[in-house]
Amino acid sequence: MLTKYTLAAAIPLLLLQMLPALANAEDAELTHLKCRSLPNSIGLVTKIYADRDVVDVECQVTDGGHVGNTTLWHRTVDHCYVSDRYFQVPAAQPIPSCQQTDSVVSCQLPNAAGVSLIERYSEPLITRARPDFTGAATIGYAHRCMSQDCSEVPVQFPLRRPQALALLLNDVRSDTGCLREAISENVSLGDNQWSALASWAHGIDCSLVKSSRLVARLNAGEPPATVAAIELPRWVVRNGIVDSLLVSRRAEELALFQTPSTKLAHPKCSSFFRMAE
């Protein structure tokens, strides 16, 4: 059952003027409140709520990014997150944990180690729109835009690293979506294994991921550690020659894959993405 809560950011203007720390907060402005794609201030703004809106809340995350002195975030029915700092939550109406809701499918994002790996091996940060070798406009960490000036990207230019990282994470969702479709639900993968595969899949056409020997062997029931040790190092050729950067990347991905995981990521996700502030 969904519960309706009133946004605390919608308190009267006079009171906001008495609380400069709240009035000047990044997500709370005098007439609206930003709802983000992740339970963290690096998430992209995907929804804006107006003054005095009543919002349907699905669940809450207790270990999101810090906003003031809280790490508690609420996920709304619009599938975005607002910090508890801006909510008036009735004490008599407890909110369920989001882990119970999001454990239905694989994790949409790699863990912090996986994100760090992907970012390190991404192309250099581009702060303003420019064409790549195909002529398509790109920005951030090789994020391809729909328009030549990237005007559809909901950020201000020049792009900063936190914004570029948020765009990268949105792009990575398509990689994990491809993995989710390709890898059988009978294959269990921990968060380090899943994150290593997300790094491997990033930048590879989904059709190649799905038709790979790596995926085929996983789906055939072979031990994941054995499959990764043999198959990951094979993906090191670019334009017909062995690429030293790909060799290093695959070695790091294999090391992450072989690092014991404490949380399940596929076929069900048991944790949220977390990043050090």
Side-chain angles (χ1 to χ4, degrees), residues 102-124 132-134 136 138 140-144 165 167-271 273:
D102 275 6
S103 291
V104 176
V105 296
S106 311
C107 293
Q108 295 185 36
L109 292 170
N111 59 19
V115 172
S116 176
L117 197 162
I118 294 171
E119 184 184 15
R120 287 199 311 277
Y121 284 98
S122 293
E123 295 181 17
D132 64 9
F133 69 96
T134 67
T138 60
Y141 295 114
H143 172 79
R144 286 198 169 190
L165 187 56
L167 283 175
L168 177 63
L169 293 180
N170 270 0
D171 292 341
V172 170
R173 289 176 190 267
S174 64
D175 302 320
T176 56
C178 176
L179 290 171
R180 186 181 308 118
E181 293 176 1
I183 300 175
S184 168
E185 293 184 357
N186 296 324
V187 179
S188 294
L189 297 170
D191 64 333
N192 285 329
Q193 295 171 319
W194 185 251
S195 298
L197 292 182
S199 175
W200 164 69
H202 187 65
I204 298 176
D205 188 89
C206 184
S207 63
L208 295 178
V209 171
K210 291 181 175 180
S211 63
S212 67
R213 283 174 50 83
L214 190 156
V215 167
R217 293 178 68 174
L218 287 175
N219 289 343
E222 294 187 48
T226 301
V227 173
I230 296 174
E231 296 297 335
L232 278 178
R234 291 178 172 172
W235 290 79
V236 294
V237 177
R238 193 195 308 269
N239 298 326
I241 61 174
V242 174
D243 187 308
S244 59
L245 280 179
L246 285 179
V247 172
S248 298
R249 179 172 186 160
R250 300 301 174 238
E252 288 197 43
E253 289 166 353
L254 181 56
L256 179 59
F257 195 100
Q258 294 173 334
T259 301
S261 297
T262 58
K263 297 172 183 176
L264 184 68
H266 178 82
K268 295 183 179 181
C269 184
S270 63
S271 65
F273 166 77

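It should be emphasised that the depicted structure is a prediction, and the values quoted were computed from it without experimental measurement.
V247 places a side-chain heavy atom less than 4.5 Å from the side chain of V242. With a 4.5 Å cut-off on side-chain heavy atoms, Y121 and E252 count as touching. Using a 4.5 Å heavy-atom cutoff, the side chains of R250 and L246 are in contact.
Annotation for P224 and F257: closest pair O-CE2, 3.4 Å, computed over non-hydrogen atoms. Across all their heavy atoms, S199 and L117 have their closest contact at OG-CD2, 3.0 Å. The shortest non-hydrogen separation linking V209 to A201 is CG2-CB, 4.1 Å. Closest heavy-atom contact between N192 and P260: ND2-O, 3.1 Å. Of all heavy-atom pairs spanning S195 and L256, the tightest one is CB-CD2, 4.0 Å. When every heavy atom of P233 is checked against every heavy atom of A228, the shortest pair comes out as CD-O, 3.5 Å.
Atom-to-atom distance recorded for D191:CG and H266:NE2 is 14.0 Å, nearest 0.5 angstrom. Taking OG1 of T259 as the reference point, atom CG of N111 lies at 9.5 Å (rounded to 0.5 Å). Between R120 atom CZ and Y141 atom OH the span is 12.0 Å, to the nearest 0.5 Å. Once rounded to the nearest 0.5 Å, the distance linking OG of S174 with CG of L179 reads 10.0 Å. Separation of atoms CG (L169) and CD (E119) is listed at 9.0 Å; rounding is to 0.5 Å. One finds the SG atom of C206 at 8.5 Å from the CG atom of D175 (value rounded to the nearest 0.5 Å).
The main-chain N or O of T176 is never found under 3.5 Å from a side-chain atom of H202 such that the two would form a donor-acceptor pair. A donor-acceptor distance shorter than 3.5 angstrom exists from the side chain of N219 to the backbone of S184, with no hydrogens or angles considered. A donor-acceptor pair under 3.5 Å is absent between the side-chain atoms of S116 and the main chain of A112, judged by distance alone.
Note on ring orientation: taking the six-membered ring where Trp is involved, the planes of W200 and W235 are perpendicular (angle over 60°, cut-offs 30° and 60°).
By the neighbour-count criterion of 12 heavy atoms within 6.0 Å, atom CZ of R238 is sparsely surrounded, having that number or fewer from other residues, nucleotides or ligands. Counting non-hydrogen atoms of neighbouring residues, nucleotides and ligands closer than 6.0 angstrom, the CD atom of Q258 exceeds 12 such neighbours.
Among residue pairs with one or both ends in residues 192-207, none qualify as salt bridge (charged side-chain N to carboxylate O under 4.0 Å, His left out); sequence neighbours excluded. Screening residues 217-227 for salt bridge (charged side-chain N to carboxylate O under 4.0 Å, His left out) gives R217-E222, R217-E231 as the qualifying pairs, with residues at least two apart or on separate chains.
Residues that satisfy the salt bridge (Lys or Arg N to Asp or Glu O under 4.0 Å) test with R249, not counting sequence neighbours, are E253.
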Query raised in the report: So V115 and L109, side-chain contact (heavy atoms from CB on, under 4.5 Å) or not? Walk me through it.
Result: CA-CA 8 Å; V115 172; L109 292 170; 5.8 Å; no
